[in-house]
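Working notes, structure below.
Index from 1, following the sequence.
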Amino acid sequence: MGSSDDLSYWSDKLFKRGTAAKDSSPSKTACSPPDHSRSNPPSLSLPSTSFHDSKIGSSNRPNRGYENWIPKGYILATICLLSIFALSGSFMFAHTFGQSSDPNLNSEDEGWTGGMHLADRWRLYGRSHELDVRDAQWAEQIMSLTDRGVTCDPRFAMLKVYMYDLPSEFHFGMTSTFEPSLEPQNPWPRNLSSLPRYPGGLYQQHSPEYWLTADLLTSTMPERRTECTAVRVYNPKHADVFYVPFFASLSYNKYTKIEHKENEDRNELLQEQLLYFLRNQSWWQRSGGKDHIVVIHHPNSLHLVREQLSAAMYVVCDFGRYPPSVANIGKDIVAPYKHVITSYTDDTSQYDSRPMLLFFQGAIVRKEGGVIRQKLFELLKDEEGVHFATGNTQSNGIKSAMVGMRSSKFCLHLAGDTPSSNRLFDAIASHCVPVIISDEIELPYEDEVDYSEFCLFVRFEDALKRDFVIDLLRSVKQEEWTRLWKKLKNVSINFEYQHPTVPHDAVNMVWKAIARRVPSVKLNLNKGKRYARSGWVKPVYETPSLAAGSINYELKS
C-alpha cells in the first residue's frame, strides 16, 4: 500500500456512503471526515474479507494491501483515541487550574476549588493571597459563607489590617454593656450579638473609633453577612497597616471630662501604657509607627502622648487643635462626626415644602475662630426666613434642631472652637443644603467627594459684608436648589456610621481613605531603608512612671 492508488482505493472504501448500513457493529470516531450532506457524521466500518466481492469500481482489484490494513487501521484508531484523551485532559487542566488563579471569580463558580474540602481550600487561598487563618473550624465556616456571597470576602477587601489585641479596658471595656469573652486572654466580645453599644448623647459624635474597631473585629466572624472594605489579618507580615484599638475619645469623655472626676488620671494612665506598649513592638520599631492607625477624633483625646505617637496615621475630625508637626492633611485622615439627629430616610421634600430659608441653632458666643458667630448673628437675626438662635444639647434641643433643619432649604455651618462641628453632619443627615463658613475646614474624603456639588462655601471676609450671605441664598432658584438637594440625598450614605456596614457608608469610606494613604506610606518606608547599612541603632525606651498594668507586651502573631 505504498502507492497513491492504494491510498485512494482504501479512502473510497472506508468512507463510502452506505457502508454503515451493511455493517452490524458501526462505531463513531472523531477522526472521520465531515459529511455536510447529513446531520450526523458518517460511520466507519471494518472492510470485508472478500474485497473482490465488493462493488467498489468497474474493475476487480486484488487483495493487495489487506495484510497491511489491519495494523495501520489500529495505529490510526489509537492515534485518534490518544488525541481525544489529550484534548479532554487539556480542557480539564485549564478549567481547574486556570480558573483558580483568577481572584475575581464569582462566588457561585465552584470550578476554582477543584473539589477540595472547604478548610483546605481556605488554607490554600490563605497561602497564595497572604492571609492567615487560626483554625480549620473557622476556615470551614467562613469559606462556606464566602462561597454563597454573604460575608466579608477577603478576596475583594481593599485593605489588610493587623489589629493589636489590647486589653478590653482600652476599648469595649469602657462601655457599660461589655460582656467579656469566656476564653482566657481574649479581650474581645464573644460574637456579633454580644457587641456592646457605644454611649449615646453627645458621646456618639466622636465614635468613629467604635465603628472602625467593630467593623474590623467582625470581618472574620462567621456570622458576618455584609461586605467589607478592610479585613483583619492575624499575621502582621501580611498587613498593609496596623490598627491600634484605643477608644481615645471615650477615654477622654469618660475619665477626664465628665463622668469620673475622681478618676481623672485614668485617661492619662491608659495613654502612658499605650505609649510603652507600642514603642516595644517590633512592628512599630520597624516603621517608626508610620503604618499604624490611631483614632483621636475628639480634639482633646490622646493629649498626653500625641506628640510621641505623631508618626502614626491619626484619624481626626479636623486639625484645629494640632500643630502641623503632630497632625496634618498630608499623613492623616479626616473622618466625619457621627450625627446626633435622626437620618431623614423618607424625605420627599420639594422647594416649597421647606418654608425656612436659612437655619442655625447653637452656641452663638464662642472663642477662637467662633467669633464670627456673634457677628453673623447681628447681620442675619432680623432677616425674613432666617432662624438664627441659641440652642442646647439636651434631648429637646436636638429634637427642635431636627425639625428646624428638615423644614429649611439651607443650614448654616460656622466655625466654632474648631473649624468643624457635628452641626454640618446633622445638616447632611437632614438633607438641608449646608452653607459652610469656615476657611480652615478640612472635610472627610474630599479627594473622592466633591462638596461643591451639594454645599455652598463662603469666605469669612465675604460673609461679614452686609447682605452678602442673604443675597447669595436668595439668588439660588428652585431648579438649582433641587439639584443640590438631590445630590445631597445621594451622598448622605457616605456620612452614616452603622453596624453592620453597607457599601459606601462612613465606615467603608474611612477605610478607603486609609487605603489611599498606603502607597505613600510604603514609599516613605522604602526610601527610609536606603541607608540601613550605614548604621542604625535600635532605640531604647524607658519604662513610664506608671506601671503598664495587664498589657501583654509580646506581639501575638
Side-chain angles (χ1 to χ4, degrees), residues 158-162 206 208-209 212 216 229-230 239-244 246 248-249 271 274-275 278-279 283-337 368-369 415 417-421 424-425 436 438-452 455 457 459-460 494-495 506-531 539:
M158 293 179 62
L159 201 62
K160 297 191 290 291
V161 185
Y162 180 85
H206 293 295
E209 56 198 17
L212 293 175
L216 194 59
T229 301
D240 296 315
V241 290
F242 293 75
Y243 182 78
V244 181
F246 177 42
S249 298
Q271 293 180 55
L274 180 68
L275 176 65
L278 289 175
R279 282 183 162 181
W283 296 96
W284 177 278
Q285 295 170 0
R286 181 198 63 158
S287 67
K290 291 182 177 65
D291 53 1
H292 283 57
I293 302 167
V294 183
V295 184
I296 55 170
H297 200 262
H298 193 292
N300 295 332
S301 62
L302 207 72
H303 66 282
L304 188 65
V305 299
R306 62 173 59 157
E307 292 186 5
Q308 293 93 317
L309 300 180
S310 61
M313 188 187 307
Y314 285 146
V315 178
V316 300
C317 64
D318 59 36
F319 300 102
R321 298 271 177 90
Y322 312 107
S325 60
V326 171
N328 59 77
I329 194 62
K331 77 174 183 71
D332 300 311
I333 303 299
V334 178
Y337 288 70
E368 300 178 16
D417 297 341
T418 59
S420 66
S421 75
L424 169 62
F425 304 98
I436 299 175
S438 181
D439 290 358
E440 303 299 323
I441 193 171
E442 295 289 353
L443 296 166
Y445 21 87
E446 197 168 4
D447 54 344
E448 185 173 351
V449 176
D450 184 357
Y451 284 80
S452 67
C455 297
F457 291 86
R459 293 186 180 89
F460 273 172
N494 298 157
F495 306 94
V507 177
N508 286 305
M509 292 293 284
V510 171
W511 283 129
K512 288 196 289 183
I514 293 172
R516 292 193 293 273
R517 286 279 193 271
V518 169
S520 63
V521 170
K522 291 184 176 180
L523 172 64
N524 290 330
L525 289 177
N526 289 339
K527 291 177 69 175
K529 298 175 184 177
R530 291 177 177 178
Y531 306 104

**Message:** Under the salt bridge (Lys or Arg N to Asp or Glu O under 4.0 Å) definition, can you give me all pairs with a residue in residues 303-320, not counting sequence neighbours?
**Reply:** none

**Request:** Given side-chain contact (heavy atoms from CB on, under 4.5 Å), test Glu442 with Val316 step by step and report yes or no.
**Result:** CA-CA 10 Å; Glu442 295 289 353; Val316 300; over 6 Å; no

**Prompt:** Out of curiosity, Lys512 NZ to Thr229 OG1, how far, rounded to the nearest 0.5 Å?
**Reply:** 6.0 Å

**Message:** Within the structure provided, determine whether Leu309 and Val244 are in side-chain contact (heavy-atom separation under 4.5 Å).
**Reply:** no

**Item:** With Tyr337, the side chain to side chain contact (heavy atoms under 4.5 Å, CB included) member among Cys317, Pro444, Pro208
**Value:** Cys317

**Prompt:** What orientation do Trp284 and His292 show, parallel under 30°, tilted 30 to 60°, or perpendicular over 60°?
**Reply:** perpendicular

**Message:** According to side chain to side chain contact (heavy atoms under 4.5 Å, CB included), who are the partners of Lys529, at least two apart in sequence or on a separate chain?
**Reply:** Asn526

**Request:** For side-chain contact (heavy atoms from CB on, under 4.5 Å), just list the numbers for Leu275 and Gln271, CA-CA rounded to whole Å, side-chain angles, deciding distance to a tenth of an Å, and then say yes or no.
**Result:** CA-CA 6 Å; Leu275 176 65; Gln271 293 180 55; over 6 Å; no

**Request:** Apply side-chain contact (heavy atoms from CB on, under 4.5 Å) to Val241 and Tyr243, showing your working.
**Result:** CA-CA 7 Å; Val241 290; Tyr243 182 78; over 6 Å; no

**Fill in**
Correct closest heavy-atom pair for Phe246 and Glu209 would be O-OE1, 4.1 Å

**Request:** Please report the closest heavy-atom contact between Ile333 and Ile514, naming both atoms and the distance.
**Result:** CG1-CG1, 3.8 Å

**Request:** Identify the heavy atoms of Val510 and Pro336 that sit nearest to each other, and give their distance.
**Result:** CG2-CD, 4.2 Å

**Asked** Got a second to check how far Asp332's CG is from Ile296's CD1, nearest 0.5 Å?
**Response** 7.0 Å

**Request:** Enter the distance from Leu424:CG to Ile441:CD1 here, rounded to the nearest 0.5 Å.
**Result:** 5.5 Å

**Request:** Any chance you could measure Ser420, atom OG, to Phe425, atom CZ, to the nearest 0.5 Å?
**Result:** 6.0 Å

**Phe460 backbone acceptor or donor facing Asp439 side chain under 3.5 Å** = yes

**Complete:** The side chain to side chain contact (heavy atoms under 4.5 Å, CB included) partner of Tyr314 among Val295, Val326, Val334 is Val326

**Message:** side-chain contact (heavy atoms from CB on, under 4.5 Å) for Leu302 and Val294? Distances and angles first, verdict last.
**Reply:** CA-CA 10 Å; Leu302 207 72; Val294 183; 4.1 Å; yes

**Item:** Rounded distance (nearest 0.5 Å) linking atom CG of Asp447 with atom CZ of Arg517
**Value:** 7.0 Å

**SB check Lys522 Asp291 (cutoff 4.0 Å)** = no

**Message:** I'd like to know if the side chain of Ser301 reaches the main chain of Ala248, judged simply by a donor and an acceptor atom lying under 3.5 Å from each other, with no hydrogens or angles considered.
**Reply:** no

**Asked** For Val521 and Met313, which heavy atoms make the closest approach, and how far apart are they?
**Response** CG2-CE, 4.0 Å

**Request:** Please answer whether the main-chain N or O of Lys331 pairs with a side-chain N or O of Lys290 as donor and acceptor at a distance below 3.5 Å.
**Result:** no

**Fill in**
Rounded to the nearest 0.5 angstrom, the CZ-CD distance for Arg279 and Gln308 is 6.0 Å

**Request:** Could you tell me whether the side chain of Ser438 and the main chain of Pro419 form a donor-acceptor pair under 3.5 Å?
**Result:** yes

**Message:** Looking at every non-hydrogen atom in both residues, tell me the closest pair between Met158 and Asp240 and how far apart they are.
**Reply:** O-OD2, 4.1 Å

